[in-house]
Asker: 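Before I ask anything, here is the structure I am working with.
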Amino acid sequence: MLALASLTVLAADAPPEPPADTYHFARSRHPITLTVPEIRHLLAAVFHPPAVTATELLHWSNWHRRHQATARRSHYRRRIASEPAG
């Protein structure tokens, strides 16, 4: 539990700036911030090296977070489109 608490503090250490407008997340092209599972995966890879290089590991992490950001944008767009006007 101490490790999970440490990861949570690490993930929450640098929260993103609050969006200036409501639809900020639907337009953002940046990857999401690091999450606890993402930090855990990266630390596990550092302490128990897989058969991939650090460059490949960081490439995977960046791809994974961009993929999550794309999913988030899609969900926000669908939510915005389904809101009643007015």
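Note that the structure is predicted; figures quoted are calculated from it, not measured.
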Asker: For the atom pair OG1 (T55) and CH2 (W60), what is the distance rounded to the nearest 0.5 Å?
Answerer: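 The OG1 atom of T55 sits 15.5 Å away from the CH2 atom of W60.
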Asker: Are side-chain heavy atoms of L57 and H41 found at a separation under 4.5 Å?
Answerer: yes
Asker: Suppose we call two aromatic rings close when their centres sit under 6.0 Å apart. Are H59 and W63 close by that rule?
Answerer: no
Asker: Quick one: pull up CD in E38 and CG in L43 and give me the separation to the nearest 0.5 Å.
Answerer: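 The distance works out to 10.5 Å.
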Asker: Look only at the side chain of S82 and the backbone of R78, and say whether a donor-acceptor pair between them is shorter than 3.5 Å.
Answerer: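 Yes; at least one donor-acceptor contact below 3.5 Å.
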Asker: Does some side-chain heavy atom of R72 sit less than 4.5 Å from a side-chain heavy atom of Y76?
Answerer: yes
Asker: Enter the distance from Q68:CD to T35:OG1 here, rounded to the nearest 0.5 Å.
Answerer: 6.0 Å
Asker: Please name all residues satisfying side chain to side chain donor-acceptor pair (under 3.5 Å) with S74, sequence neighbours left out, ordered by chain then number.
Answerer: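 Side chain to side chain donor-acceptor pair (under 3.5 Å) check on S74 returns nothing, list empty.
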Asker: Quick check: do T53 and E56 have side-chain heavy atoms less than 4.5 Å from each other?
Answerer: yes
